[in-house]
Amino acid sequence: MIETHFAHRRTQLLDMMEEGVAIITSAPTQTRSNDTEYPYRQNSDFYYLCGFNEDNAILVLIKTAESTKSILFVEAYNAEHALWNGDRLGVEGSRERFNVDEVYDVATYTDMVQELLREHINLYIDLYSEDSRLNEAKRSAQSLHSTRGIKRHIRAIRDVTFLIRKLRLIKSPEEIETIKKAIALTAEAHHQAMRVCKSGMKEYQLQAAMNYVFLHSGASAEAYGSIVAGGNNANTLHYIDNRDELTDGELVLIDAACEWELYASDITRTFPVNGKFTDTQCEVYNAVLDVQLRVIDAIKPGVKRDWLQHYSEELLCDALINLGILSGEREALMDAKEHKKYAPHGIGHWMGLDVHDPCPYVDEAGESLAFVPGMVMTIEPGLYFRADDESVPECYRGIGIRIEDDILIIEEGCENLSSIIAKSVEEIERCCNQL
Ligand code: GLY
Ligand code: MN
Ligand code: MN
């Protein structure tokens with residue numbers, strides 16, 4: 001991503017704003033334990049608007065009737081910090097690198113923001129953030145409000161994240177290229193997992209094989225906590241323990257993917273530990289695959305996400321009837337939410353700078369959004385039959401299957417960005433037996 005892309009996004013946001021000031025803050029560092037920290041991950045909204053990847057930074061956008069301005073506040077160069085943690089870009093470096101109108105030392109933020117708030121009536125911030133610098137701005141706005149003789153003061157504090165996330169919903173060609181890069185590495189990692197998997201291995205060893213591919217290629221290891229779930233563990237939707245042994249004759253569900261330049265991928269494949277599906281596994285696998293292919297087939301501009309959710313539930317309910325797990329009329333079963341027991345999660349979610357991109361799902365009237373080109377959504381149907389669930393025939397117990405791809409909406413319909421990853425029974429078995 002180059003500087004002009006970030007500048008364009010700032011202009012788009014300013015266009016959406018009424019006169020006022022927007023303050024967007026960097027993510028805080030996160031303590032892991034005592035005095036050690038997690039690797040730094042920037043606030044996606046902040047990164048989206050300026051591409052700056054250090055902590056303790058603040059972006060301020062100002063809009064008046066006559067003009068707009070963007071100001072970046074950054075940590076000044078600090079020799080002590082440079083010794084322990086490396087150089088920061090500093091004020092001068094940031095001025096050279098970033099195409100914002102002004103760059104200042106973050107130490108001047110408090111005074112400057114107080115001055116700014118005297119001149120505007122709208123303050124745009126993340127309303128739900130506990131960030132101390134936003135609280136400071138709110139306090140300043142409050143104190144100005146009760147000061148006599150002030151000509152103008154903030155009369156509305158508005159949510160800036162809603163505007164930013166509306167923009168984030170439609171990916172630019174550069175964003176799509178970045179997501180494709182993340183997916184290409186994730187594809188390599190899933191294929192590697194299929195190739196090296198054998199019974200007796202630990203789930204974490206498969207995770208390690210994938211993380212090797214990610215890190216070796218220069219990606220951040222994981223876009224989210226990897227799920228490597230052998231056998232019945234697949235029926236725990238957010239299983240991230242990954243400590244169990246993989247057993248001959250069972251399936252392993254891997255929901256794991258890397259992040260590239262802060263853009264996520266999100267892929268699930270389920271395959272046999274020993275490289276060969278049993279007839280029963282194959283039957284359930286193909287039922288899920290059929291649902292996934294049909295849902296993807298239905299995606300095109302104009303289709304509403306709510307409709308897609310309903311359609312996928314109908315297909316999953318039919319699959320459960322065909323497997324003999326549910327019996328009766330589809331409509332009555334769905335009204336009673338019988339299918340939800342075995343297919344409890346949604347069909348997919350927006351994906352981008354966050355794996356679950358927090359972009360809106362409904363318009364301002366509360367209506368489900370219709371797809372338009374540039375949106376990226378995961379499609380991830382699954383069926384889950386717990387080992388101790390006596391409501392399903394014994395042969396299905398302990399099987400959990402999810403298949404997940406990342407889908408881009410295009411003018412002509414949609415493009416499966418992860419279609420290169422082995423998915424049919426034949427492709428998977430070929431890959432599993434390919435060392
Ligand atoms: N990997 C998380 C999800 O599929 O939503
Ligand atoms: Mn997902
Ligand atoms: Mn996933």
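In each ligand, atom 1 is the first atom listed, and ligand 1 is the first ligand listed.
- Proximity to E404 (heavy-atom distance under 4.0 Å) selects the following atoms of ligand 1: 4 (O).
- As for D266, its N/O/S atom nearest the Mn ion (ligand 3) is the one called OD1.
- Considering only non-hydrogen protein atoms, atom 2 (C) of ligand 1 sits nearest to H356 NE2, 3.6 Å.
- Using modelled atom types and a 3.5 Å distance limit, the side chains of N53 and Y40 yield no donor-acceptor pair.
- The atoms of ligand 1 that sit less than 4.0 Å from any heavy atom of H349 are 3 (C), 4 (O), 5 (O).
- Around NZ of K340, the count of heavy atoms belonging to other residues, nucleotides or ligands within 6.0 Å exceeds 12.
- E404 contributes atom OE1 as its closest N/O/S atom to the Mn ion (ligand 3).
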Legend entry - side-chain hydrogen bond (donor to acceptor under 3.5 Å, both in side chains) evaluation trace for N34 with T36: CA-CA 6 Å; N34 187 20; T36 58; over 6 Å; no

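- Remark: ligand 1 atoms within the under-4.0 Å shell around heavy atoms of D255 are 1 (N), 2 (C), 3 (C), 4 (O).
- Evaluated for a side-chain hydrogen bond (donor to acceptor under 3.5 Å, both in side chains) with D55, the options Q42, R41, Q30, R88 yield exactly one hit, R88.
- In this structure, K300 places its NZ atom where only 12 or fewer heavy-atom neighbours from other residues, nucleotides or ligands lie under 6.0 Å away.
- Counting non-hydrogen atoms of neighbouring residues, nucleotides and ligands closer than 6.0 angstrom, the NE2 atom of H81 exceeds 12 such neighbours.
- The closest side-chain donor-acceptor pair between Q292 and E404, if any, does not fall under 3.5 angstrom.
- Using a non-hydrogen distance threshold of 4.0 Å, V355 does not register as a contact of ligand 1.
- Annotation: R402 places no N or O atom under 3.5 Å from an N or O atom of ligand 1; distance criterion only.
- The name of the N, O or S atom in E380 nearest to the Mn ion (ligand 2) is OE2.
- Looking only at protein heavy atoms, the nearest one to atom 4 (O) of ligand 1 is E380 OE1, 3.0 Å.
- At a cut-off of 2.8 Å, H349 is counted among the residues with an N, O or S atom near the Mn ion (ligand 2).
- Protein heavy atom at the shortest distance from atom 3 (C) of ligand 1 is D266 OD2, 3.3 Å.
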Inset, instruction - Tell me, with the steps shown, if S265 and T186 meet side-chain hydrogen bond (donor to acceptor under 3.5 Å, both in side chains). - result: CA-CA 7 Å; S265 47; T186 296; 2.9 Å; yes

